[in-house]
Number of protein chains: 2
Amino acid sequence: MSVAHITSPVSGPCGDDDCGIRDVLDRIGDKWTVLVIVELAKGVRRFGELHRAIPGISQRMLTLTTRQLCRDGLAERTAYPTIPPQVEYRLTPMGRSLAEAIERLAGWSREHKDAIADAREHWDAAH
Amino acid sequence: MSVAHITSPVSGPCGDDDCGIRDVLDRIGDKWTVLVIVELAKGVRRFGELHRAIPGISQRMLTLTTRQLCRDGLAERTAYPTIPPQVEYRLTPMGRSLAEAIERLAGWSREHKDAIADAREHWDAAH
DNA sequence: CTGTATCCGCAATGATACTG
DNA sequence: CAGTATCATTGCGGATACAG
């Protein structure tokens, strides 16, 4: 019982009103999770397919990322005991709803990408 | 010249279709940015107010975070040369639109928080 | 093919002291 | 009050080798 909650400096029980925000970011704010979700949003994918579809990710990180998605109930893993083994990942309904929310954020990014780039240039020029 | 693109394993020019997703996360995926944005979404805030409103953040990280928000055109800084000095931060229109997008994500989190917690318990029990 | 197990470096963050 | 400067720490993620 009482698993060690060693690390929870900020993501505590939302001290004020940011309930949920830190939660999401602790879940998708890492380097690879969103990319995996986005790829899985396109359909069922095998381990190797994900690996190839997401350039730069290591086997290790892909394993860790998919595992956490499964743990959080955002994805499901199906292993076929064939030889060689074959494993499929797919989003759960909850995972798909998260994928939609992420897509909206991506939309924001696309809309404001240029404005941000401009702001940066402007700022960098003055500093 | 060809500036050294030493590190841009993923955040490159969106190799496939995830255009924008990595961009946003590179901007708000860190430990403090969203918290500052959310706090500023409530209104104008002074440096010290932000510091107190966001438990656990260090002066250093608050400085770095606000500065990046300004650089990206998401927030504005107004310094009054009084004694002691007084500095105000506020979101720009673009910053407010991002705050809204974030709030929607937070909404998702609140909606699915329990389901995720359940999924974790279930998973942890079986592993 | 789909992972595990180790080792390791670096970048992000924290802590502390100092300044205008 | 609102930073800046510096050092210490830590944990994420990369590389590599190995396994079922």
Side-chain angles (χ1 to χ4, degrees), chain A residues 4-12 22 25-36 39-40 44-71 75-90 123 127, chain B residues 4-12 22 25-36 39-40 44-71 75-90 123 127:
Chain A
H5 274 176
I6 310 292
T7 51
S8 67
V10 186
S11 312
R22 259 294 135 204
L25 284 172
D26 286 346
R27 192 160 298 111
I28 69 169
D30 70 299
K31 199 170 179 180
W32 302 108
T33 299
V34 280
L35 296 179
V36 174
E39 185 60 27
L40 287 181
V44 177
R45 290 290 185 274
R46 295 184 49 177
F47 186 89
E49 291 177 326
L50 285 174
H51 201 186
R52 284 186 297 277
I54 304 173
I57 195 172
S58 62
Q59 255 181 2
R60 175 185 136 86
M61 289 316 294
L62 182 54
T63 299
L64 293 179
T65 303
T66 52
R67 182 181 301 153
Q68 208 195 354
L69 288 177
C70 292
R71 182 166 107 101
E76 281 173 347
R77 197 188 98 118
T78 313
Y80 301 95
T82 58
I83 293 197
Q86 180 169 346
V87 177
E88 287 179 352
Y89 293 94
R90 77 194 68 216
W123 205 92
H127 299 79
Chain B
H5 273 178
I6 310 295
T7 51
S8 68
V10 187
S11 311
R22 259 291 136 209
L25 283 172
D26 286 346
R27 191 159 298 110
I28 69 170
D30 71 299
K31 198 169 179 179
W32 301 109
T33 298
V34 280
L35 295 179
V36 173
E39 185 60 28
L40 286 180
V44 177
R45 291 288 187 275
R46 295 182 50 175
F47 186 88
E49 291 177 327
L50 285 174
H51 200 185
R52 284 185 296 277
I54 304 174
I57 194 172
S58 63
Q59 253 180 1
R60 177 186 138 83
M61 289 315 294
L62 181 54
T63 299
L64 294 178
T65 302
T66 52
R67 183 181 298 153
Q68 208 197 351
L69 288 177
C70 291
R71 182 166 107 101
E76 280 173 346
R77 196 189 99 119
T78 313
Y80 300 96
T82 58
I83 294 195
Q86 181 168 344
V87 177
E88 287 178 353
Y89 293 94
R90 80 195 65 215
W123 205 92
H127 300 79

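First the proteins, then the strands, lettered A, B, ... as listed; each starts at 1. No experiment lies behind these values; they were computed from the predicted model shown.
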Enquirer: With DNA chain C as reference, determine whether A:Arg67 or A:Pro84 sits nearer its 5' end, using the nearest nucleotide of each.
Expert: A:Pro84
Enquirer: Heavy atoms from C-beta onward define the side chain here; which of D:dA2, D:dG13, C:dG14 lies closest to that of A:Trp32?
Expert: D:dG13
Enquirer: Can you tell which of D:dC1, D:dT4, C:dA15 lies closest to the side chain of B:Thr63?
Expert: D:dT4
Enquirer: Measure CD/B:Gln68 against C1'/C:dT13 and give the value in whole Å, please.
Expert: 14 Å
Enquirer: What's the closest nucleotide to the B:Arg77 side chain, out of C:dC1, D:dA2, D:dG14?
Expert: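 Closest nucleotide among those given: D:dA2.
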Enquirer: Nearest to the side chain of B:Asp30, which nucleotide is it out of C:dG20, D:dG3, C:dT13?
Expert: C:dT13
Enquirer: Side chain of B:Gln86, heavy atoms from C-beta onward: which of D:dG13, C:dG14, D:dA2 has the nearest atom to it?
Expert: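 It is D:dA2.
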Enquirer: Would you check if B:Tyr89 and B:Glu39 make a side-chain contact, meaning some heavy-atom pair closer than 4.5 Å?
Expert: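 B:Tyr89 vs B:Glu39: side chains apart.
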Enquirer: Using modelled atom types only, decide if a donor and an acceptor are shared between the side chain of B:Arg22 and the backbone of A:Lys31 within a distance under 3.5 Å.
Expert: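 Yes, B:Arg22 side chain to A:Lys31 backbone: donor-acceptor pair under 3.5 Å.
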Enquirer: Assess the residue pair B:Thr78 and B:Arg90 against the criterion (side-chain contact (heavy atoms from CB on, under 4.5 Å)); give the C-alpha distance rounded to whole Å, side-chain angles, the decisive distance to 0.1 Å, and a yes or no.
Expert: CA-CA 8 Å; B:Thr78 313; B:Arg90 80 195 65 215; 3.9 Å; yes
Enquirer: How do A:Pro85 and A:Gln59 order along DNA chain D: which one's closest nucleotide is nearer the 5' end?
Expert: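 Closer to the 5' end of DNA chain D: A:Gln59.
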Enquirer: Name the closest nucleotide to the B:Met61 side chain, picking from C:dT2, D:dG14, C:dG14.
Expert: C:dG14
Enquirer: For a quick test of reading the model: is some side-chain N or O of B:Tyr89 closer than 4.0 Å to OP1 or OP2 of D:dG3?
Expert: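 Checking B:Tyr89 against D:dG3: at least one side-chain N or O falls below 4.0 Å of OP1 or OP2.
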Enquirer: So, is A:Arg60 near the phosphate of C:dT4, with a side-chain N or O under 4.0 Å from OP1 or OP2?
Expert: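 For C:dT4, OP1/OP2 do not have a side-chain N/O of A:Arg60 under 4.0 Å.
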Enquirer: Taking the side chain as every heavy atom from C-beta outward, state whether A:Leu35 and A:Ile57 have any atom pair closer than 4.5 Å.
Expert: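 The answer is no; the side chains never approach within 4.5 Å.
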Enquirer: Side chain of B:Lys31 only, heavy atoms from C-beta on: which candidate in C:dT2, C:dG14, D:dG13 is closest?
Expert: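 Ranking C:dT2, C:dG14, D:dG13 by closest atom to the B:Lys31 side chain puts C:dG14 first.
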Enquirer: Tell me: CG of B:Leu64 to P of D:dA5, nearest whole Å?
Expert: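 From B:Leu64 CG to D:dA5 P: 11 Å.
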